[in-house]
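Before any comments, here is the structure.
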There are 2 protein chains.
Amino acid sequence: MHAPLCQACAIRNRAICADLDSEELSLLNSIGRQRRLRAGEQLLWEGDEAVLVANVVEGVLKLSTFTADGKEQILGLVYPSDFLGRPFGETTPYGVEALTDAHVCVFQRADFDRFAREHPRLEHKLLERTLAELDRTRRWMLLLGRMSAEQKLASFLLEMEDRMANGGCAPSFGEPKVWQLPLSRQQIADVLGLTIETVSRQFSRMKADGLIDLPSRREVVLLEREALTELSG
Amino acid sequence: MHAPLCQACAIRNRAICADLDSEELSLLNSIGRQRRLRAGEQLLWEGDEAVLVANVVEGVLKLSTFTADGKEQILGLVYPSDFLGRPFGETTPYGVEALTDAHVCVFQRADFDRFAREHPRLEHKLLERTLAELDRTRRWMLLLGRMSAEQKLASFLLEMEDRMANGGCAPSFGEPKVWQLPLSRQQIADVLGLTIETVSRQFSRMKADGLIDLPSRREVVLLEREALTELSG
DNA sequence: CGCCTCTTTGAAGAGGGTCAAGCGAGGTGG
DNA sequence: CCACCTCGCTTGACCCTCTTCAAAGAGGCG
């Protein structure tokens, strides 16, 4: 698919392009390019010149960085309709890697920057999104700085379920449902600022306590959302 | 000072207003209002309707939130020329309190939002600032999630000195200099996700090791920036 | 079936939290 | 001017959570 079609895009109404009229959209169309990523494939490298920005159409990606001694910290997860990359910046401040097979709509940063500056409506959307992302990131700081391992994992599972269930469109009601974890245990540890062993132990304990079920490594069921919410602090 | 004068503003060239022409500036002038805050005074309360946004002219303020069990986490520090508040949002996602006597230039959010939407240049500045703030916040996540108490405090002191020395304009060279900490030990603990005791112990150890000097509670000298940089990871 | 990777589990240890007491600078009142 | 009080900070002792190190278990895939 080298000829993207914004008009037919799955995330058309949720991404930053939502407010554009059809003329603007086809202009954007002309500078964008679809790209598929396999799980594990890297899209951007930390410290590189910031050449790309992108919209996520499908899949989950991680933003991450490393300490001097090589420990990874995942700085954020990016889902369909989220924007990704560093417009108006020199270098990419974090690495970006696909956690699942993914589908993104990429732009050369220079093209995108120019387009954005000429289309305030897009720039406004981008601003709203960035502000929302900043709020989300700050909430994550509370988790990293002040929560116990148990609280961290409970918070993580609850948020993840909301994200996975239905693209975040509606809160999850009714029967507990099985869903796929897009992250390995190690990656969950890197999100929460824990070690893989601690994550694994917390999973086991929650399962033993009947709060969750783990049909397989990558599958989860939240049996007791109430109790998990309680735990999450 | 109820009649602000943007043209004469100390942070005129560094704040988001930097790119405005004089006509725009006087319009902004007419919707803004100067306000002085005493150290400890609260400007915004978490969860309140988002009614205000502001530019910091002078002083240091903190953004903070609390866990369910009452532990505070400082989400960010705001310095002169920084922007503060949540434009285009319903509620204030964190509390804002002055750490030192401060001087801010406040706007009714509704007024500011309208002005911003009508002046893409301002909105663009705001976007650049928000993106930079997001990068800074993400770097802080690495600190919270992956660093030891010692690394945290070393990082904190180094960054703080850069901020305090000269408004962040130039890197600090030459002789070690005494400067004022705008935060109490407890507040430092809340920034770093530690307890006051741990912060205090780390201070004492660094002093004993000759890395820093503490002429009084609120004064610091970084004697060995090299070594501290090493420690900070 | 066997290998490889990811995950789980166990045991030991350290870093930081908690609780409690002591210190000291600044402010107040005698 | 000094004694006293207060509040923030420091220091000590102990304990708990999470990390570290090590080994065994469980899927997945050739």
Side-chain angles (χ1 to χ4, degrees), chain A residues 38-40 62 67 69-74 97 99-101 143-157 178 180-209 212-220 231 233, chain B residues 39-40 67 69-73 99-100 143-157 178 180-209 212-220 231-233:
Chain A
R38 306 233 131 248
K62 67 168 191 189
T67 53
D69 53 329
K71 282 180 287 188
E72 182 168 9
Q73 172 69 51
I74 293 185
E97 182 185 318
L99 294 176
T100 62
D101 287 351
L143 178 144
L144 287 176
R146 291 300 188 193
M147 290 191 179
S148 67
E150 184 178 57
Q151 291 177 308
K152 286 179 176 181
L153 189 59
S155 305
F156 171 79
L157 289 173
V178 188
Q180 298 280 322
L181 266 178
L183 292 82
S184 69
R185 295 290 185 271
Q186 180 61 61
Q187 287 166 336
I188 295 173
D190 292 336
V191 169
L192 300 179
L194 297 170
T195 57
I196 183 175
E197 294 93 332
T198 302
V199 171
S200 181
R201 274 185 254 271
Q202 291 297 332
F203 264 116
S204 302
R205 204 151 83 77
M206 287 182 183
K207 181 174 178 178
D209 293 352
I212 62 174
D213 192 23
L214 301 168
S216 79
R217 289 180 174 182
R218 290 292 187 127
E219 288 175 316
V220 195
L231 278 191
Chain B
T67 52
D69 52 330
K71 282 179 286 189
E72 181 168 10
Q73 173 69 50
L99 294 177
T100 63
L143 178 143
L144 288 176
R146 291 300 189 193
M147 289 190 180
S148 66
E150 184 178 58
Q151 291 177 309
K152 285 179 177 181
L153 189 59
S155 306
F156 170 79
L157 289 173
V178 189
Q180 298 281 322
L181 267 177
L183 291 82
S184 69
R185 296 289 186 271
Q186 181 61 60
Q187 288 166 337
I188 296 173
D190 293 335
V191 169
L192 300 179
L194 297 170
T195 58
I196 184 176
E197 294 94 333
T198 302
V199 171
S200 181
R201 274 186 256 272
Q202 292 297 332
F203 264 116
S204 302
R205 206 150 82 76
M206 287 182 183
K207 181 174 179 177
D209 293 352
I212 63 174
D213 192 24
L214 301 168
S216 79
R217 288 179 174 182
R218 290 290 187 129
E219 288 175 316
V220 196
L231 277 191
S232 74

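These values consider heavy atoms only, across backbone and side chains, with no hydrogens, waters or symmetry-generated copies. Proteins come first, then strands; the chains are lettered A, B, ... in the order of their sequence lines, and each starts at number 1.
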[X] side chain to [Y] backbone, donor-acceptor under 3.5 Å:
X: A:Ser200; Y: A:Ile196; value: no
X: A:Lys62; Y: A:Ile74; value: no
X: B:Glu219; Y: B:Leu181; value: no
X: B:Arg185; Y: B:Arg217; value: yes

Mapping A:Val199 and A:Arg146 onto DNA chain C by nearest heavy atom, which one lands closer to the 5' end?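 Upstream on the strand: A:Val199.
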
Among the candidates [options], find the nucleotide nearest to the side-chain atoms of [X].
X: B:Ser204; options: D:dT11, C:dG17, D:dC9; value: D:dT11
X: A:Glu197; options: C:dA20, C:dG16, D:dT20; value: D:dT20
X: B:Arg185; options: D:dT20, D:dT10, D:dC18; value: D:dT10
X: A:Thr195; options: D:dT19, D:dT11, C:dG16; value: D:dT19
X: A:Ile196; options: C:dG17, D:dC18, C:dT7; value: C:dT7
X: A:Arg201; options: D:dT11, C:dA11, C:dG16; value: C:dA11

Any base atoms under 4.0 Å from [X], or only sugar-phosphate, or nothing? Heavy atoms, all strands.
X: A:Ser216; value: nothing
X: A:Ser184; value: sugar-phosphate
X: A:Ser200; value: base

Nearest-Å distance for atom pair [atom1]/[atom2], residues [X] and [N]:
X: A:Lys71; N: D:dC18; atom1: NZ; atom2: P; answer: 15 Å
X: A:Leu194; N: C:dT7; atom1: CG; atom2: C1'; answer: 16 Å
X: A:Glu219; N: D:dA26; atom1: CD; atom2: C1'; answer: 15 Å
X: B:Gln186; N: D:dC9; atom1: CD; atom2: C1'; answer: 11 Å
X: A:Gln202; N: C:dT7; atom1: CD; atom2: P; answer: 16 Å
X: A:Phe203; N: C:dC6; atom1: CZ; atom2: P; answer: 16 Å
X: B:Lys207; N: D:dT10; atom1: NZ; atom2: C1'; answer: 11 Å
X: A:Met147; N: D:dT17; atom1: CE; atom2: P; answer: 17 Å

Toward the 5' end of DNA chain D, by each residue's nearest nucleotide, B:Arg217 or A:Gly193: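 It is B:Arg217 whose nearest nucleotide is closer to the 5' end.
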
To the nearest 0.5 Å, what is the distance between CD (A:Glu197) and CD (A:Gln186)?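 The CD atom of A:Glu197 sits 8.0 Å away from the CD atom of A:Gln186.
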
